[in-house]
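Quick caveat, the model's predicted, so the values are computed rather than measured. Atoms within a ligand are numbered from 1 in the order they appear, just like the ligands themselves.
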Amino acid sequence: MKLRGYYGTFGGAFIPEVLVSTFEELIAAFETAKADPSFWGEYEHVMSTYSCRPTPITFAENLTRHFGGAQIHVKREDLNHTGAHKANNVMGQGLLVKRMGKSRVIAETGAGQHGVATATMAAKYGFECTIYMGETDVLRQRPNVFWMERLGAQVIPVTDGSKILKDAINEAFRDWVSNMDNTHYVLGTACGPHPYPEMVSWFQSIIGREARKQMLQQSGKLPTRVYACVGGGSNALGIFNGFMDDPVELVGAEAAGKGLHTGEHASRMASEDGSPGVAQGYKTYFLQNEDGQMKETHSVAAGLDYIGVSPILASLGDSGRVRFEAATDQEVIEALSLTLKMEGLIPALESAHAFALAFKEAPNLSKDDILLINQSGRGDKDIFTIADAFEDPHWKRFIQQKAEAYGA
Ligand SMILES: *Cc1c(COP(=O)(O)O)cnc(C)c1O
């Protein structure tokens with residue numbers, strides 16, 4: 001018997017008794033929507049009129065010439081409204097919330113990108129919206145907090161634990177327990193208890209469905225390898241889903257931070273540091289110590305800085321269907337710099353991990369090979385981090401002037 005919501009030994013739904021009926025309601029709504037062809041049509045209509053879908057595939061001609069090996073193509077999820085693939089998930093869940101007749105949404109957010117996307121969806125559909133965010137993140141991600149509040153959401157700083165993403169997730173579940181009747185929890189990635197991993201990757205599969213068709217139309221064949229960065233795993237599963245049954249190699253790019261042997265990274269699959277465990281309602285590879293305490297993670301990309309990984313990817317990693325590699329902060333900044341100058345593309349720091357790996361492998365392949373990189377988001381949001389990494393003196397002066405104007 002295949003247990004519901006399990007992928008090999010990973011996944012499951014470890015939830016408090018009081019939430020069981022709410023999860024059953026969500027599973028039923030999702031199953032009904034999946035079986036109803038008009039639902040996917042409605043979803044595609046929303047995404048094409050509100051979020052620039054289908055997003056194009058761009059041939060990176062200059063980078064291809066520069067590396068002199070495989071052709072490099074880029075799937076442009078950066079062109080979505082709010083700047084990343086996160087729109088695919090939140091708009092899809094928003095349609096389900098309408099079907100379930102609920103009036104309020106809550107979400108967790110780390111760097112704030114998922115919070116902004118959820119607040120945007122709530123504004124469009126007229127839902128009340130509460131976003132849980134670790135207090136540490138509220139302080140360091142003020143631009144996203146500013147937008148969430150302007151979009152009409154209430155942002156609640158979480159002061160438990162280390163005051164970051166995992167603590168915000170726990171607090172969102174606490175809210176849900178008290179407000180199940182009118183509230184839906186919009187989880188931001190393909191993690192958490194069943195049905196979230198399956199549901200989020202189903203909405204994100206719009207990326208891979210488009211990409212497969214576009215590659216055949218534009219190049220007359222499928223890519224040799226597909227690269228995607230892996231935080232929780234939603235953009236990766238989204239594009240991988242289009243090629244799962246094809247002879248296409250799938251490569252997940254994790255954050256090697258300061259290096260896999262420094263302990264300061266966020267690699268659960270490519271490093272030796274991840275181990276199976278149960279936390280936050282599901283079983284997967286976590287970065288934890290022998291007592292099951294979660295470790296601190298590090299990455300230049302806030303969106304890849306998570307202790308767990310999708311149980312679907314954990315299983316695909318163990319079976320060998322997906323190969324996991326990791327790129328260091330330094331490699332990522334170099335890949336970003338090159339992509340900016342040679343193609344005029346501005347990948348998010350998260351997405352630049354996938355670029356860095358593709359750049360490493362492109363020179364060893366032939367001109368007939370095609371590499372497809374998922375550009376999960378745009379890097380405008382990263383201006384503070386990137387300017388620091390480039391040690392731009394004029395940027396520093398600009399920030400100092402601002403501070404002086406405010407009397408600092
Ligand atoms: C949030 C985010 C990610 C990481 O999330 P996944 O669920 O792993 O896709 C990657 N890229 C961008 C641009 C993001 O905003």
Side-chain angles (χ1 to χ4, degrees), residues 55 74-90 92-93 107-118 120 133 137 141 143-144 147 165 168-169 186-192 196-208 226-241 250-255 266-269 284-285 297 299-314 316-317 322 324 326-327 332 336 339 345-356 373-382 385-386:
T55 60
V74 181
K75 176 67 170 162
R76 302 289 308 282
E77 290 304 297
D78 57 307
L79 297 177
N80 275 292
H81 182 38
T82 71
H85 69 292
K86 292 203 165 64
N88 304 328
N89 174 37
V90 298
Q93 289 197 45
E108 85 292 349
T109 197
Q113 295 303 116
H114 175 56
V116 170
T118 303
T120 302
M133 188 167 186
D137 291 328
Q141 306 289 349
N144 280 335
W147 283 123
L165 177 61
I169 294 174
V186 186
L187 214 147
T189 186
C191 290
Y196 285 103
E198 183 189 341
M199 184 172 71
V200 174
S201 42
W202 186 66
F203 286 125
Q204 294 292 359
S205 73
I206 195 166
I207 306 172
V226 178
Y227 296 82
C229 66
V230 179
S234 71
N235 87 86
L237 282 165
I239 194 160
F240 291 170
N241 270 329
L250 308 174
V251 186
E254 291 190 307
S267 167
R268 300 123 308 177
M269 301 296 293
T284 194
Y285 282 97
T297 53
S299 170
V300 69
L304 300 188
D305 205 351
Y306 177 55
I307 47 168
V309 65
S310 174
I312 307 177
L313 283 176
L316 291 168
V322 173
F324 285 92
V332 163
L336 177 62
T339 306
L345 296 175
I346 313 179
L349 280 167
E350 290 83 3
S351 322
H353 285 70
F355 283 76
I373 303 170
N374 197 27
Q375 184 173 344
S376 53
R378 62 169 192 238
D380 312 42
K381 68 177 175 67
D382 299 320
T385 313
I386 296 171

Cut-off 3.5 Å, side chains only: do [X] and [Y] have a donor facing an acceptor?
X    : Y    : result
D305 : S299 : no
N88  : E77  : yes
Q113 : N144 : yes

Give every pair formed by an N or O atom of ligand 1 and a protein N or O atom closer than 3.5 Å, one pair per line with both atom names and the distance to 0.1 Å, or write none.
from, atom 1, to, atom 2, distance (Å)
ligand 1, 7 (O), T189, OG1, 2.6
ligand 1, 7 (O), G233, N, 3.3
ligand 1, 7 (O), S234, N, 2.8
ligand 1, 7 (O), S234, OG, 2.7
ligand 1, 8 (O), G231, N, 2.7
ligand 1, 8 (O), G232, N, 3.1
ligand 1, 8 (O), G233, N, 2.8
ligand 1, 9 (O), H85, NE2, 2.9
ligand 1, 9 (O), S234, OG, 3.3
ligand 1, 9 (O), N235, N, 2.9
ligand 1, 9 (O), N235, ND2, 2.8
ligand 1, 11 (N), S376, OG, 2.8
ligand 1, 15 (O), K86, NZ, 2.6

*Quickly, which of S234, S351, S376 forms a side chain to side chain donor-acceptor pair (under 3.5 Å) with H85? Name it, please.*
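It is S234; the other options fail the test.
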
*Is there a donor-acceptor contact under 3.5 Å from the side chain of E254 to the main chain of M269?*
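Yes.
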
*Spell out, as yes or no, whether a donor-acceptor pair under 3.5 Å connects the side chain of R76 to the backbone of T55.*
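No, because the side chain of R76 does not come within donor-acceptor range (under 3.5 Å) of the backbone of T55.
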
